[in-house]
Every structure is written in structure tokens, then in C-alpha cells.
K.L.:
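One structure, pasted below without further comment.
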Amino acid sequence: MPDSEPATRIEVNSEEFWDDLLAYVEDGRVVPVIGPELHTIVVEGREVPLYRALAEQLLKKYGLEACDADSPISPPDDQVPLRKHLELNDAVSGLSHRGKRVADLYRPINDELRKLLAAQTALPQPLSDLARITDFQLFVSTTFDDLVARAIDGARASGGLPILQIAYAPNLSEDQADDLPDNWSEKYRPVFYLFGRASSSPFFAIDDEDVLEFIHSLQAEKGVRPERLLAELRQRHLLLIGCNFADWLSRFFIRLANQVRLSGDRPKKEFLIGDEVTLDQSLTMFLERFSHNTRVYRGDPKGFIAELLRRWTERHPQRVAPLATTHAQAPLQPSQAGGVFISYAHEDVDAALALSTELKKIGAGVIWIDKTQLKPGDEWDAKINAAVKSCDLFLPLLSANTEAREEGYFHGEWIIADKRQSIIFGRSLVIPVIVDATFDPGHYRLIPDGFRARQFGHAPEGHMNEGLRNLMIDALRDLRRRRPE
């Protein structure tokens with residue numbers, strides 16, 4: 001522990017602060033860690049925090065109302081006080097105190113979240129602005145919605161690396177847990193959900209106890225940890241925007257993302273953005289005394305992002321990603337030409353993403369490939385049925401990996417697609433694609449019998465050969481001819 005008080009810190013809103021941050025961003029060494037303060041939606045013409053609206057809808061579902069926690073009047077029994085930035089935690093706690101099991105709230109929260117987001121026609125502008133800065137290679141979300149991924153998809157619609165969404169949860173088994181893949185920076189733009197991603201099962205944090213368990217699991221010796229992600233956080237500068245962590249969590253997270261003591265001589269920095277951070281005197285005093293490499297920006301996170309984008313654009317006018325004409329995420333619709341469902345084993349994700357990129361180049365429309373949407377327990381039977389029934393083409397990827405798996409969720413997808421193909425006449429729904437180097441359809445025994453009657457394609461490591469490319473072009477043209485004007 002240092003024996004003397006630290007020197008007075010430089011005012012971080014100065015030009016030196018911006019010069020430092022922009023230099024690190026340009027080097028590709030900054031990871032944005034994005035919190036709920038940037039996640040807003042429009043309800044009845046008003047912009048409101050997403051998680052405030054979610055907490056209110058959850059309480060309404062069970063016949064309760066939300067009220068402000070700072071009211072001097074004690075609320076009636078049918079009202080639950082909600083604190084700023086802790087609204088969902090307080091709603092969950094209020095329901096728990098009234099006899100509702102917390103374990104039964106994950107599905108309703110997921111349902112209400114989907115309803116709220118489905119009603120939106122645009123994404124939060126700060127998220128879209130942040131996504132336009134193409135020097136950011138990795139994004140970390142501390143919320144369980146997918147607005148960050150939607151923003152990146154919208155801002156980079158004209159091209160760029162595909163998005164890879166990765167959700168962490170301490171209760172996932174080893175074969176379900178995900179981490180950054182090898183050579184990820186050359187292949188993807190990952191969005192890592194540090195506290196899980198919304199589903200019907202308890203794979204995401206909905207209250208303070210969940211957050212504690214996630215953080216405990218990240219630092220525990222046992223269990224499945226995202227080691228590559230942790231390594232990247234420890235090597236790169238962190239830009240924490242609108243996270244509003246509790247004092248203890250802010251300290252712990254910053255320490256977790258460093259290999260040495262915060263007061264030691266360390267090469268990396270953290271930038272904490274938000275008015276709420278500066279109001280936490282205990283945290284501010286701790287950082288001033290022990291973490292001289294942590295900079296606190298005293299201002300509105302939304303205004304900070306607008307200024308960051310302006311300054312970065314002035315320095316790199318040709319590199320800023322063009323803003324998409326619409327930010328709403330288009331759902332998978334059976335009426336869209338070229339809707340393709342790519343079904344694959346977890347180990348073949350690289351091949352699946354490579355194939356998706358090539359399909360888009362030849363005019364395929366919607367590509368259903370989000371591997372995080374079909375987690376076990378997430379009403380996956382219903383989701384698979386809906387997706388397979390709405391797609392125009394179904395591409396099962398066959399490989400040595402699928403042959404080694406007698407059990408797997410992709411097998412369920414294959415069975416449903418095979419049944420649907422049996423009642424479709426005049427065209428092929430299913431096109432099996434071999435992604436191994438050797439093309440040998442007879443080698444694959446763990447496939448539905450109906451697949452054997454189909455025309456196989458070959459895409460080693462996801463790259464289509466000429467025969468498969470021509471087959472897909474013909475299939476897409478045929479779909480467009482069949483679609484009514």
C-alpha cells in the first residue's frame with residue numbers, strides 16, 4: 001500500500017484525455033464494455049430506460065405497480081419501489097417477497113423483453129454511433145438484451161466481418177459454454193454477453209445475487225471460464241460506458257481485468273464514463289488512491305459517445321461505417337426470398353459463418369445462423385419448429401464433427417426439416433452440405449434417411465465449390481420465380 005497520497009489527477013475532460021483514448025482506439029486496443037444506461041426504448045412517445053420499462057411490465061404481469069424508491073411516502077402493498085439503475089433487481093426482489101419463486105421469472109422476463117423490443121422501430125442512437133467506429137474489434141455487454149449486436153449489424157450492413165454473439169453463464173456445461181475462438185480478430189466481430197443472454201432458462205443475471213454468482217464464477221479456479229475473453233480484457237484498455245456497477249463490483253471488475261495490483265506499474269488503462277460514477281465518492285476515492293491508470297469522464301455517456309464519434313470521424317473520415325437506413329432488426333419471414341437456415345454442430349461455427357458470408361454475396365436474403373438463440377431449455381422445440389417452417393432453404397452442414405455426435409440439438413433440426421421436405425413437392429428444401437475437405441456423401445451415416453435422396457453440396461471449411469455455388473444460385477432464382485408479385 002502506498003505511504004503517501006497520490007498527486008492531483010489531471011482533469012480527464014482535457015484534450016490529453018481525448019488524445020490518449022483515440023490513440024488506443026486507433027491501435028485496436030480498446031474494448032467497449034457497454035452497460036444499461038445506453039439501452040433505451042420509446043414508449044408512448046417517450047424515451048425510457050429499457051430495464052425500467054422491463055421491470056414495470058414484469059410487475060404489471062403479476063398485478064403490481066412500480067413506484068419511485070425515493071418517495072417519502074410508504075407505498076401500498078400493490079406497489080414496488082424501484083431504485084435508479086436497479087429497477088429489474090428491485091422488481092424481482094419485490095415479487096420474491098410476495099411468494100414468487102425467482103427461478104420462475106426468467107421465462108416471463110425473456111417474454112416481456114421480446115415484446116418491448118419488437119415494438120421498437122429504431123435502435124438507441126448512442127449504440128449505433130459506437131458501432132460505427134470500426135476500430136473496435138470486440139464488444140462486451142453487461143446487459144442480456146441483444147441491442148449491441150443489432151447496432152453493429154445495422155451500422156456495418158455494407159460489409160465487414162460477421163458478428164459472433166457469445167453468452168457466458170456459470171451454469172452451462174462444458175460442451176455448451178462458449179469463448180472467443182482462435183484467431184477471432186481476423187474472422188469475427190464478437191459481442192460477449194458477460195452476464196448471459198436472455199432466454200427462458202436461468203442463463204442470464206436478473207438480480208444482484210445472479211450478478212454475484214457470475215462474477216464469482218469468472219474468478220473461481222473451478223468450472224468453465226472464458227479464458228480467451230479474460231486474457232483479452234487483461235491485455236486491452238477498457239472503455240466502460242454507462243455500466244453503473246455497484247461500488248464493490250466496479251472495483252472487482254477492474255481488478256479482474258488486470259494481471260497485477262491496481263496500484264502497481266501496469267501498462268493498460270480503464271476509462272469510466274458517466275455522471276453516476278463521479279457521484280460515487282467511495283469509488284472515486286478508491287480509484288484516486290489505488291488506481292492511477294483509471295480515468296473517469298465527468299459527463300453524460302450519450303454525449304461522450306457523440307463526441308468520440310465526431311473526433312474519430314475527423315481523423316478517419318473514410319473508415320467510419322455508413323449508418324444503415326433502418327435500425328430495426330428484420331425478423332425471419334417466410335415471404336422473404338432466399339431465407340436460409342444453416343444447421344451445424346458447435347464445432348463447425350467457422351464453416352457456418354464462412355458459408356453465410358458467401359451466400360449473402362450471391363443474393364441470399366435472411367440467414368438464420370445465430371447459435372446463441374437455441375440454447376437448451378429455451379423452448380427450443382418451439383423455436384426450431386418456427387424457424388425451420390419459415391425458411392426457404394435448409395442447409396445441414398455435415399462433417400466429422402456431426403458424425404462424432406450421436407446426440408446434438410442440430411439432430412432435432414434435421415429431423416424437423418426432413419419431415420417438412422417430405423410434404424414439399426416440386427422443389428428442394430434440404431440441401432446437405434459437406435464441409436469436410438473430402439466429398440464423400442456415403443461416409444455420413446448419422447443423418448435422416450430423407451437426406452440421402454437429396455443432392456449434396458461441397459463447401460470445404462464453408463467455402464462453396466463451383467457446383468454448390470451454381471446449385472444455390474439456381475435455387476434462389478427458382479424461389480424468386482415462385483414468389484407472387
Side-chain angles (χ1 to χ4, degrees), residues 10-35 37-39 122-141 147-165 180 183-192 229 232-233 235-243 257 267-274 293-327 329 353 357 360-361:
I10 297 174
E11 172 57 48
V12 296
N13 289 4
S14 66
E15 289 302 310
E16 183 176 353
F17 165 85
W18 286 108
D19 288 343
D20 277 352
L21 177 57
L22 285 167
Y24 299 143
V25 170
E26 290 166 345
D27 286 343
R29 304 299 298 173
V30 174
V31 177
V33 182
I34 304 166
E37 194 168 339
L38 300 180
H39 296 237
L123 292 171
Q125 190 63 47
L127 294 182
S128 296
D129 288 346
L130 196 66
R132 297 180 69 193
I133 302 175
T134 53
D135 279 332
F136 290 135
Q137 300 178 358
L138 167 66
F139 295 80
V140 173
S141 176
L147 288 180
V148 174
R150 296 192 194 194
I152 300 171
D153 188 50
R156 304 182 183 186
S158 61
L161 297 177
I163 300 170
L164 179 64
Q165 301 186 69
L180 293 175
N183 302 320
W184 61 269
S185 63
E186 302 172 6
K187 301 177 181 179
Y188 317 114
R189 283 295 171 261
V191 177
F192 196 98
L229 182 277
E232 292 296 336
L233 295 183
Q235 295 171 8
R236 297 172 184 253
H237 307 285
L238 302 184
L239 178 61
L240 290 85
I241 313 176
C243 290
K268 64 188 293 290
K269 295 181 180 179
E270 300 84 30
F271 299 85
L272 273 63
I273 314 302
N293 274 15
T294 301
R295 300 289 183 261
V296 179
Y297 179 89
R298 308 174 190 277
D300 172 37
K302 299 177 183 178
F304 166 83
I305 292 176
E307 180 66 10
L308 177 62
L309 177 62
R310 183 188 70 80
R311 289 173 178 261
W312 186 85
T313 302
E314 286 180 353
R315 296 164 72 132
H316 307 284
Q318 304 301 320
R319 291 169 55 190
V320 64
L323 195 61
T325 56
T326 178
H327 297 298
Q329 184 182 37
L353 289 169
T357 299
K360 290 178 180 178
K361 290 180 180 179

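Note that these values count all heavy atoms, side chains included, but never hydrogens, waters or copies made by symmetry.
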K.L.:
Salt bridge check, R311 against E314: does any charged N sit closer than 4.0 Å to a carboxylate O?
P.N.:
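R311 and E314: not salt-bridged.
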K.L.:
Which heavy atom in L233 sits nearest to a heavy atom in K268, and how many Å separate them?
P.N.:
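Nearest pair, atom of L233 first, then K268: O-CE, 3.2 Å.
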K.L.:
Hey, what do you get for CG (D27) to CG (D135), rounding to the nearest 0.5 Å?
P.N.:
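If we round to the nearest 0.5 Å, D27:CG and D135:CG are 8.5 Å apart.
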K.L.:
Identify the two heavy atoms, one from C243 and one from V33, that lie closest to each other, and give their separation to 0.1 Å.
P.N.:
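So the two residues come closest at SG-O, 3.3 Å.
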K.L.:
Indicate the atoms forming the closest heavy-atom contact of S128 with A151, along with that distance.
P.N.:
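Here S128 and A151 meet closest at N-CB, 4.0 Å.
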K.L.:
Considering all heavy atoms of both residues, which atom of L38 and which atom of P126 are nearest to each other, and what is their separation?
P.N.:
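Where L38 meets P126 most closely, the heavy atoms are CD2-CB, 4.1 Å.
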K.L.:
Once rounded to the nearest 0.5 Å, what's the spacing between atom OG1 of T313 and atom CZ of R132?
P.N.:
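Here the rounded value is 6.5 Å.
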K.L.:
Checking the side chain of N183 only, and the main-chain atoms of E186 only, is there a donor and an acceptor separated by less than 3.5 Å?
P.N.:
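Side chain of N183 to backbone of E186, a donor-acceptor pair under 3.5 Å: no, none is there.
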K.L.:
Heavy atoms, side chains only, cut-off 4.5 Å: are K302 and D129 in contact?
P.N.:
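K302 does not reach D129 side chain to side chain.
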K.L.:
For I163 and A149, work out which heavy atoms get closest and say how close.
P.N.:
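That would be CD1-O, 3.5 Å.
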K.L.:
For the pair H237 (side chain) and R29 (backbone), establish whether a donor and an acceptor sit closer than 3.5 Å, ignoring hydrogens and angles.
P.N.:
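Side chain of H237 to backbone of R29, a donor-acceptor pair under 3.5 Å: no, none is there.
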K.L.:
Are side-chain heavy atoms of F304 and L21 found at a separation under 4.5 Å?
P.N.:
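Counting from C-beta outward, F304 and L21 do come under 4.5 Å.
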K.L.:
Considering only heavy atoms from C-beta outward, does the side chain of K187 approach that of L353 to under 4.5 Å?
P.N.:
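Side chain of K187 against side chain of L353, heavy atoms only: no contact under 4.5 Å found.
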K.L.:
What's the spacing between I241 CD1 and E37 CD if we round to 0.5 Å?
P.N.:
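Result: 10.5 Å between the selected atoms.
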K.L.:
How are the rings of F136 and F139 set relative to one another: parallel (under 30°), tilted (30 to 60°) or perpendicular (over 60°)?
P.N.:
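The arrangement is perpendicular - the two ring planes meet at more than 60°.
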K.L.:
Could you walk me through whether I34 and L239 satisfy the side-chain contact (heavy atoms from CB on, under 4.5 Å) test, starting with their C-alpha distance in whole Å, then the side-chain angles of each, then the deciding distance to 0.1 Å, before giving a yes or no?
P.N.:
CA-CA 8 Å; I34 304 166; L239 178 61; over 6 Å; no
K.L.:
Please work out which of the three classes, parallel, tilted or perpendicular, describes the rings of Y24 and F271, given edges at 30° and 60°.
P.N.:
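Plane angle between 30° and 60°, so tilted.
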K.L.:
Roughly how far apart are Q165 CD and I152 CD1, rounded to 0.5 Å?
P.N.:
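Going from the CD atom of Q165 to the CD1 atom of I152 covers 8.5 Å.
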K.L.:
Given 3.5 Å as the limit, does a donor-acceptor pair link the side chain of R236 with the main chain of G28, or not?
P.N.:
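Yes: the side chain of R236 pairs with the backbone of G28.
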K.L.:
Which heavy atom of V25 sits nearest a heavy atom of I133, and at what distance?
P.N.:
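In terms of heavy atoms, the two residues are closest at CG1-CG2, 4.1 Å.
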K.L.:
Measure the shortest side-chain to side-chain distance between V140 and L238 over non-hydrogen atoms and say whether it is less than 4.5 angstrom.
P.N.:
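No - every pair of side-chain heavy atoms lies 4.5 Å or more apart.
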K.L.:
In the structure I gave you, are the side-chain heavy atoms of E232 and W184 within less than 4.5 Å of one another anywhere?
P.N.:
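They are in contact (side-chain heavy atoms under 4.5 Å apart), so the answer is yes.
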